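All remarks here apply to the structure that follows.
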Amino acid sequence: MRTQRHDQRRTSGGLPARRVRQRLLRSGVLLLLSLGGAPVASADVVAAVDAARRASCPGRGVAHPLHETGALDGAARALARGSSLHAALATLPLRPTFATAIHLLDVRDDHGITRALASRYCDEIGNPGLREIGAAWSGNQLFIIVAVPLAVPGPGERATVEREVLERVNAARAAPRRCGDRSLPAVPPLHASATLSKVAAAHSAQMAASGELEHRDQDGSTPGDRVRRAGYEARVVGENVASGVTSAAEAVAGWLASPGHCANIMDARFTEAGLGYVVAPHTTGAIYWTQLLAAPRT
């Protein structure tokens, strides 16, 4: 995740203001813009930012409004208390893919906010991927965070994602495939198993909690152990895991690009499959995926 933070201060002596500003910009600290006056409590910060994005920063192709979130408002309040942007974002349930912090001093109203942003921050607020915003006042200072949210499958999409992974895996199995240095023939499709999906989800949750991509649980359990404890009597079990991908398409593509994972997918011994994924809290893009492949004893 890339974050940006900017600072410009007036100088009362020593180095010329221009040299001070250049040094501050190189160091990546917070930009401070002074326009005089005091903030107005009724200022609509989101509307002012949107106005700057639409009308004052031409040629950016920005049309959609930003959505204010309580989580980013909280992060902006943390900035106002002196936290770094990195520390403020670490408190969010899901870290955004990209975020920028802007600090304005003595802006009076909506027009002042729009003018201040348009004068210096078109690159920051003109990012077409931005979707969310948070803001907080501290005296005469305004702290703004604009962000590109992490796009992850929601809880209501779980069945759709599981079905898409199975469809993509079966499409791969339907044709001969080379997995590393092995040429493997086409094999029959897999069938969905609710039990395997439940076991896979539990393993993904453990990986998300530990932050480790592993086939063994913390108690040393193997995929076969976990499946057996769930009451699934298997004659063969395989497992693919992944992290850092945010869609079914990316997960399957990554497995097929890896010789070992690809060989699992193309293994004719497997007849059933289950999938479970969990988003790790306070991370950027850390979704942990588990695919279990098995064949029940007959």
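What you are looking at is a predicted structure, and each value in this text was computed from that prediction instead of being measured. Only heavy atoms go into these numbers, but all of them, side chains included; no hydrogens, no water, no symmetry mates.
- Within 6.0 Å of CZ in Arg229 there are more than 12 heavy atoms belonging to other residues, nucleotides or ligands.
- Both Tyr277 and Ile265 are assigned to one and the same hydrophobic cluster, defined by single-linkage of ILVMFWY side chains at heavy-atom distances under 4.5 Å.
- Without hydrogens or angle criteria, Ser193 side chain to Gly274 main chain gives no donor-acceptor distance under 3.5 Å.
- Distance check: Ile125 CD1 to Leu66 CG gives 8.5 Å after rounding to the nearest 0.5 Å.
- Side-chain contact check for Leu104 versus Tyr121: some heavy-atom pair is nearer than 4.5 Å.
- Looking only at distances, a side-chain donor or acceptor of His203 sits under 3.5 Å from a matching main-chain atom of Glu214.
- Counting only heavy atoms from C-beta outward, the side chains of Cys262 and Arg177 approach each other to under 4.5 Å.
- Distance CZ/Arg131 to OG1/Thr69: 14.0 Å, rounded to 0.5 Å.
- The CG atom of Asp109 sits 8.5 Å away from atom OG1 of Thr114, with the distance rounded to the nearest 0.5 Å.
- In this structure, the side chain of Ser204 engages the main chain of Tyr288 through a donor-acceptor pair within 3.5 Å.
- Applying the salt bridge (Lys or Arg N to Asp or Glu O under 4.0 Å) test to pairs two or more places apart or on separate chains, those with a residue in residues 260-269 are Asp267-Arg269.
- Considering CG of Leu166 and CG of Leu190, their distance stands at 6.5 Å, rounded to 0.5 Å.
- Contact check for Leu105 versus Asn140: side-chain heavy atoms found under the 4.5 Å cut-off.
- With respect to Leu292, the side chain to side chain contact (heavy atoms under 4.5 Å, CB included) criterion is satisfied by exactly one of Leu275, Val237, Asn240, Val241: Val237.
- With rounding to the nearest 0.5 Å, the separation of CZ in Phe143 from OG in Ser83 is 10.0 Å.
- Side-chain contact check for Pro296 versus Glu272: some heavy-atom pair is nearer than 4.5 Å.
- When the side chains of ILVMFWY residues are joined at heavy-atom separations under 4.5 Å, either directly or via intervening members, Leu196 and Phe270 end up in two distinct hydrophobic clusters.
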>> Determine whether His64 and Arg53 satisfy the following criterion, side-chain contact (heavy atoms from CB on, under 4.5 Å), listing intermediate values before the conclusion.
In response: CA-CA 9 Å; His64 58 268; Arg53 297 173 81 230; 3.8 Å; yes
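- Hydrophobic clustering (ILVMFWY, side-chain heavy atoms < 4.5 Å, transitive): Met207 and Ile287 are in distinct clusters.
- By the rule that hydrophobic residues join a cluster once side-chain heavy atoms approach within less than 4.5 Å of another member, Leu130 and Leu117 end up as members of one cluster.
- Checked by atom type and distance alone, the side chain of Ser258 never pairs as donor or acceptor with a backbone atom of Trp255 at under 3.5 Å.
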> Going through the distances and angles, do Leu72 and Leu92 end up as a side-chain contact (heavy atoms from CB on, under 4.5 Å)?
Replying inline: CA-CA 8 Å; Leu72 281 181; Leu92 301 180; 3.9 Å; yes
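- The backbone N or O of Ala200 sits nowhere less than 3.5 Å from a side-chain atom of Arg226 that would complete a donor-acceptor pair.
- Checking Asp106, Ile102, Ile113 one by one against Leu142, the side chain to side chain contact (heavy atoms under 4.5 Å, CB included) holds for a single residue, Ile113.
- Residues that satisfy the salt bridge (charged side-chain N to carboxylate O under 4.0 Å, His left out) test with Asp73, not counting sequence neighbours, are absent from this structure.
- For the pair Ser138 (side chain) and Gln141 (backbone), a donor-acceptor distance under 3.5 Å is absent.
- Judged purely by atom type and a 3.5 angstrom limit, Asp219 uses its side chain to pair as donor or acceptor with the backbone of Ser221.
- For residues 162-174, every residue pair satisfying the salt bridge (Lys or Arg N to Asp or Glu O under 4.0 Å) rule, not counting sequence neighbours, is listed here: Glu164-Arg168.
- With rounding to the nearest 0.5 Å, the separation of NE2 in His215 from OG1 in Thr222 is 11.0 Å.
- In the hydrophobic cluster analysis, where Ile, Leu, Val, Met, Phe, Trp and Tyr join through side-chain heavy atoms closer than 4.5 angstrom, Val49 is grouped together with Val107.
- With hydrogens and angles disregarded, a donor-acceptor distance shorter than 3.5 Å links the side chain of Trp289 to the backbone of Val245.
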